[in-house]
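The structure appears right after this line, and notes come after that.
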Amino acid sequence: MSELPKAYNPQDVEDRWYRYWESNGLFNAEVNRNKKPYTIVIPPPNVTGMLTMGHVLNNTIQDILIRWKRMQGYEACWIPGTDHAGIATQNAVERALSKEGLNRHDLGREKFIQRVWEWKETYGGVIIQQLRKLGVSCDWRRERFTMDEGLSEAVKEVFVRMFDKGLIYRGKYIVNWCPFHQTALSDDEVDYSESNGHLWHIRYPIEGSSEHAVVATTRPETMLGDTAIAVHPKDERYKKLIGKTAILPLVGRKIPIIADEFVDMTFGSGMVKVTPAHDPNDFLLGQRHHLPQINIFDETAHLNESVPKRYEGLDRFECRKRVVQDLEAGGFLVKTELHVHNVGTCYRCHTVIEPYLSDQWFVKMKPLAAPALRVVHNGKVRFHPQRWEKVYEHWMTNIRDWCISRQIWWGHRIPVYYTPDGTFTAARSEEEARKKLGIAADVPLRQDEDVLDTWFSSWLWPFSTLGWPKDSEDLRYFNPTDTLVTGPDIIFFWVARMIMANMEFMRGEPRLDGKPRKNEEDVVPFRDVYFTSIIRDAQGRKMSKSLGNSPDPLEVINEYGADALRFTIAYLAPLGQDVFFSVEKCEIGRNFANKIWNAGRFLLMNKTEILGSNAGELDLTTLPVEHLDLADRWILSRLHHAIRDYDRALTGFHLNETTKVLYDFIWHDFCDWYVELVKTRFYGDEPQEVKRVVVTRALWIFDQALRMLHPVMPFVTEELWQHLTDRKGQALIRTQFPAANERWIDPKTEADMEFVQNVINAIRNIRGENNIAPSKEISVQVRSDNSVLETYGSYLRKLARVASIRQIGSGEKPKLASSAIVNGTEIYVPLEGLIDVEVERARLQKEIARLAASVENIQKKLANPNFVDRAPREVVQKEQEKLSNFEASLEKLRRNLEQLA
RNA sequence: GGACGCUUAGCUCAGCUGGUUCAGAGCGCCGCCCUUACAAGGCGGAGGUCGUAGGUUCGAUCCCUACAGCGUCCA
């Protein structure tokens, strides 16, 4: 075996192990009736996307969970894949085309789609390769893409079934229209932000009268499509106007003045203009009053031929200016106010959304929502942190129908077929459509031009990736999946809808035992949902491409290593809190990796030293229990503590707590104390046989630590684990995870060790305060009734650089010494000629002040009869013990201070 | 306007069910040290009346109420 380099270099290690794991099938999962499955489906990233810090966090968490469960003996299956990101991908390809001076219509639908597939083949693999760099242990054989044949089957099947059930319908409604993409968007694809605008007050003359109506609007150009004015029926100011006719300025159209309770009497003048084709509220109002709907825009939000010639062809914002000018010139503009209002923009291109009347397809959500709401209420699906349940509940109880059609080409084409006379049906194929419509093979049939919202395929992900609509062992075994890890920002887009879809379509499908699923726990898509933090930069801004504040994770991995990035991000990510990330913070992880590396290096050096040439055959499968000393029993107690805490933390999805447990155990307990203590045995004059046992045990404990750390830092742990001994083809990734054994957790041992540690700390403090060089050895005198120090005084030699310890009698005491009291034990460091009396006095005074304050506090407490009577007896007793201990220590400290010359 | 979250050391944050020196960690800072695993390190040290005001309790960083500031989502 070759010597390990002095510093850990991840680049020498990571790719090599990733290749090994993958090519040996160590990520793979198969149906195994002897094991419990543990399944995660990846939130599919956009196929043409690049890895972001958000992906890093999300996938690190998934990998930690999946590796942990795998090592615990579950059949751990992590299904990866990507989605086709309809609008985003089409957009990217159209941009590329425009560089060639082409648009999609030049190519035609078929050729264009082919172009997108080519694009996908070229750039689609990037994010998947990037994920590998992070070390994720997905079963790559199971990789899926939402436009795959199988998944497209699922989409079609779902659409047709829902159509037949009346859960999908078509209608002319106001939708959110993106004039840039020229497509409808669903409600949650619109971002709202406050914007400074104006409120224009416009005068509409009333026919046959000198009176006029004044309406206020933030969008004056829409007046060209007005078909009414509305007032509140109870509004005394305007009652007399109801039923009269107003003349629309600039247009001359006669429009009625109607009454509707919807009108807000307090807003503006209390009269509103009604534009049914360009405002969702006006649309509903228009339906109630059977008003005409005049659409004044084309798909690009330019004015169409329904408006006076002088406005035709103008862009909507250009038109706004022109209309305001003309209103003013005509004397119709009463006043203009500044006004802050919410403006909706496209979540992809940030173009202002236009409410637009068009034919679209919708999913009826109410019937799906009820069961989905129930399983979250009754805990069949648990959210972490739980508070997201409220958000979910609010959305689910106020749910609106989902607009699923998109006027683009890249996506699943809507499986609806029309005959020339306009009748239509949904079908899995043209033949089926003909059958359903009852028409002959020669009647021309036209398929709907639109495609489906990308989320219409992602909401099927937990079962479509497992082969549905085909039945399979995989589907029966791995669905319901176990944990979903995703961001709260897509709780509506995705999480809620997956619950709905899985419950709707998995009901009745066979379980592993062959019986049809009907219980809620069999039809939910997953049991736990972990909502990740949002990654922000050091200033707290969301990371985004446009701000340029998002580090490239690949560069971070190159600089610090994937393990360092993984550890750091998990360490920084508390459950439910945002993460403020900056690249330099990866030093936490890098330094930790290096620390572990060097601990391993140290152990291996001593292994070779002590065991000699046959060290490679060392058996590390069982813990050697011979020659246990305090440090051994202590570290084993700490180890099992750590395992238990780790288990609790991770079970509760406290990722940061999990990493802290690892960090504290490995760095502080193992490296700072245990390794230092075994040095006393390695370098001491113990028999060779004892040294052999001690080094083997240290390696065994380190082996356990590597297992625990592996899910978080897979690369460095696998590399070291392989170095510890000849593994005969075994790999850490598939090794049993440590289980906490309460038998090893021993409070007495921990208390004894803590006492020794405190004594060492006290001596170190004396050394530090008195500026004694680490190289200078000192002698110590103690007065103690604690036998631990007698037995394990040798621990002080190495850790406090103590040359000799002498027990002293009651009267005895060095003349000039620095002193400390630890749990009643008096410690004296004679420092003839070295001690600065002033420094020492200050030290003691500080300690006295601290203790005196504590004593006073406890005295006050114990003097309070309420406390003594009402607090639990153990608490009171503990306080009393504390008091007498502190008082005794205080007494000794004061005497030492007095006697200081 | 409604819902939720946050406020702890100079900075970034832990503190999961009220009581163990519970007031912590990392970074930064100060001092000493290249002690034969690690200077990406070791040892020591300074730094906080836990946002404010009340309340519950024998006891509050922790539970309740109000307020202030910041943030997110929804309307």
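Worth saying up front: this structure is predicted, and the values here are computed from it rather than measured. Reminder, nothing fancy here: chain letters follow the sequence lines and each chain counts from 1.
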Phosphate OP1/OP2 of rG42(B): any Trp667(A) side-chain N/O under 4.0 Å: yes

With Arg801(A) via side-chain contact (heavy atoms from CB on, under 4.5 Å) - residues at least two apart: Arg767(A), Glu777(A)

Rounded distance in Å between the C1' positions of rU49(B) and rG45(B): 23 Å

Separation of the P atoms in rA39(B) and rC27(B), to the nearest angstrom: 15 Å

Considering only nitrogen or oxygen atoms on both sides, find all protein atoms under 3.5 Å from nucleotides 33-37 of chain B and state each distance.
unit_1	atom_1	unit_2	atom_2	d
rA37(B)	OP1	Lys679(A)	NZ	3.4
rA37(B)	OP2	Tyr683(A)	OH	3.0
rA37(B)	O3'	Arg601(A)	NH1	3.4
rA37(B)	O2'	Asn598(A)	OD1	2.5
rA37(B)	O2'	Arg601(A)	NH1	2.6
rA37(B)	N7	Lys679(A)	NZ	3.3
rA37(B)	N6	Cys671(A)	O	3.4
rA37(B)	N6	Glu676(A)	OE2	3.1
rA37(B)	N3	Asn598(A)	O	3.1
rA37(B)	N3	Ala599(A)	N	3.3

Leu655(A) side chain near Tyr530(A) side chain, heavy-atom distance below 4.5 Å: yes

Any Asn398(A) side-chain N or O less than 4.0 Å from OP1/OP2 of rC74(B): no

Heavy-atom side-chain proximity of Asp752(A) to Trp634(A) below 4.5 angstrom: no

Spacing of Ile491(A) atom CD1 relative to rC73(B) atom C1', expressed in whole Å: 10 Å

Sugar-phosphate, base or nothing in reach of Lys585(A), heavy atoms under 4.0 Å: sugar-phosphate

Test side-chain contact (heavy atoms from CB on, under 4.5 Å) applied to Asn558(A) - qualifying residues, sequence neighbours left out: Gln11(A)

Minimum side-chain heavy-atom gap Trp402(A)-Trp455(A) below 4.5 Å: yes

Touch class at under 4.0 angstrom, heavy-atom based, for Pro872(A) against every strand present: base

Glycosidic class, syn or anti, of rG47(B) using a 90° window around 0: syn

Any donor-acceptor N/O pair, Arg590(A) side chain to Thr568(A) backbone, under 3.5 Å: no

Watson-Crick and G-U pairing of RNA chain B, under 3.5 Å, as dot-bracket with | and [ ]: (((((((..((((.....[....)))).(((((.......))))).....(((((..]....)))))))))))).

Residue met sooner reading RNA chain B from 5', once Asn866(A) and Arg764(A) are mapped to nucleotides: Arg764(A)

Ile569(A) CD1 to rU12(B) P, straight-line distance once rounded to whole Å: 17 Å

Review item, nucleotides 20-31 of chain B N/O atoms under 3.5 Å of protein N/O:
unit_1	atom_1	unit_2	atom_2	d
rU21(B)	OP2	Lys882(A)	NZ	2.3
rU21(B)	O2	Arg850(A)	NH1	3.3

Partners passing side-chain contact (heavy atoms from CB on, under 4.5 Å) against Asp647(A) (at least two apart in sequence or in another chain): Trp68(A), Gln72(A), Thr651(A)

